Amino acid sequence: MPDFDTDNTLIHELRELPILETSRDLWPETRRRWRRKLWLQRGLPPAALLFLGLGISLLMGPALKPEPKQLATGPELQQLKDASEFLEAVLQSPRLRRKPVSARQAAAIFHIEDRVAGLDQALNEVSKSRSQELEAALWAERVQSLDKLVQLRTNPNFLARNNSIRRTQ
Amino acid sequence: MDASLSLVLSRARQGERDAHEELFRRYERLVYTVARRILPSVEEAEEVLQDTFVELFRSLKKLENTESFTPWIRRIAARKALDRLRRLEIRKATDIEAISASSGDQNQSDNGLDLERALQRLRPIDRAVIWLHDVEGFTHEEIAGAFKKTVSFSKSRLARARRSIRESMEGRADHA
């Protein structure tokens, strides 16, 4: 055992302590955080307003319908990831976060956020298995879920028009 | 600096996503270690890890000397951790977590394990001060400035932290 009587020995031993490892893969979260920052830096509000009015599903069109075999190409997968990141940035914008929601909206939001968390977990797993088709289907569902969250926060009539969300509450 | 890192940095500066991920994979453990040594919880260290890389990607173009990349990223991580620690309400009770949860202990020598434990037993601010000063090379002036305290504060915390570690280690030796 080293003699810690001198400061130099202690400093040396501190510097020799082993490197630590995270218990989970933090790259997906870091990447999302970085993308959000980029979106916000590049002037989110005007761009977001364009999307909010239309709903991203209209812009993404068929890519959002989970047809795994058609979604399996790299560019389409990337398109879904970009859409997902964009919607997350929209949801993080102060304008949207400050918007009050009703109790019913809050319950629906909670339900969908729960689903998104489940999808993130599944995506984490599937990225290890390298199944691009399954990954695309999960990303598509994630985009749809985030789109619903945006609509819930911006469109007062959205909940009334979407029976599927009401039923799952 | 190895040529491949130079190439990755150059690609990352141009905004290539793969290069960002490669930098992350290469340096995540280093950044996490700096953060985890300074902060009292795994969750806080994970937040700092993410914030550090976001800051890194944002300011890559400002890095003039790529030779100093490793010290630079260490410095960002330490500063982020310090900011976070300052904002945290430090719990009065000493936060001792299971050592096995914080690192791969199986490969550590006995001494490494004990020093790790002694470090974990320090009060959070004392631990931050000794790590910042003795490992990351912060000056007392920098530490004092970060905590908005005097230089004497930094010096006394450092002395106390070193003393506590010695006492912990001596206590172990007595029991051996």
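Here is the naming used below: chain letters follow the sequence lines, and residue numbers restart at 1 for every chain. Bear in mind the structure is a predicted one, so any value in this text is a computation, not a measurement.
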Exercise for review: Group every Ile, Leu, Val, Met, Phe, Trp and Tyr by side-chain heavy-atom contacts under 4.5 Å, then state whether A:I11 and B:L122 land in the same group.
Suggested key: no
**Study point:** Expected output: side-chain B:T33 to main-chain A:I19 donor-acceptor under 3.5 Å
**Key:** no
Review point. Is chain A contacted by the side chain of B:E55, its backbone, both, or neither, given a heavy-atom distance below 4.5 Å?
Key: neither
Measuring from atom [atom1] of [X] to atom [atom2] of [Y], what distance do you get when rounded to the nearest 0.5 angstrom?
X      : Y      : atom1 : atom2 : value
B:Q50  : A:T30  : CD    : OG1   : 4.0 Å
A:L10  : B:L115 : CG    : CG    : 6.5 Å
A:T22  : B:R29  : OG1   : CZ    : 9.5 Å
B:L158 : A:D7   : CG    : CG    : 7.5 Å

Practice item. Please determine if B:R17 and A:D82 form a salt bridge, counting it only when a charged side-chain N lies under 4.0 Å from a carboxylate O. Key: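 Salt bridge: yes.
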If you take all heavy atoms of [X] and [Y], which pair is closest and at what distance?
X      : Y     : result
A:S23  : B:E46 : OG-OE2, 4.0 Å
B:R166 : A:T6  : NH2-C, 3.7 Å
A:W27  : B:R25 : CB-NH2, 3.3 Å
B:F24  : A:L26 : CZ-C, 3.7 Å
B:R37  : A:P18 : NH2-O, 2.8 Å

Exercise for review: Would you mind reporting whether A:E13 and B:I165 have side-chain heavy atoms less than 4.5 Å apart?
Suggested key: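 Sidechains of A:E13 and B:I165: no contact.
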Exercise for review: With chain A as the partner chain, list the residues of residues 131-146 of chain B whose heavy atoms fall under 4.5 Å from it, by residue number, and write 'none' if nothing qualifies.
Suggested key: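 Listed by number, the contacting residues are B:W131, B:D134, B:V135.
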Check your understanding: Hey, mind stepping through B:Y32 and A:E21 against side chain to side chain contact (heavy atoms under 4.5 Å, CB included) and telling me if it holds?
Key -> CA-CA 7 Å; B:Y32 179 73; A:E21 292 203 39; 5.8 Å; no
Exercise for review: Begin with the C-alpha distance, continue with both residues' side-chain angles, and end with the deciding distance and a verdict on side chain to side chain contact (heavy atoms under 4.5 Å, CB included) for A:L17 and B:L119.
Suggested key: CA-CA 10 Å; A:L17 279 175; B:L119 194 63; 3.8 Å; yes
Exercise for review: Apply salt bridge (Lys or Arg N to Asp or Glu O under 4.0 Å) to the pair B:E47 and A:R33, showing each step before the final yes or no.
Suggested key: CA-CA 11 Å; B:E47 285 294 313; A:R33 195 174 287 198; 3.0 Å; yes
Review point. side-chain contact (heavy atoms from CB on, under 4.5 Å) with A:E88: which residues, sequence neighbours excluded?
Key: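 Expected list: A:R32, A:R36, A:S84, A:R142, A:L146.
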Check your understanding: In terms of heavy-atom proximity below 4.5 Å to chain B, should A:R31 be classed as side chain, backbone, both, or neither?
Key ->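 Only the side chain of A:R31 comes within 4.5 Å of chain B.
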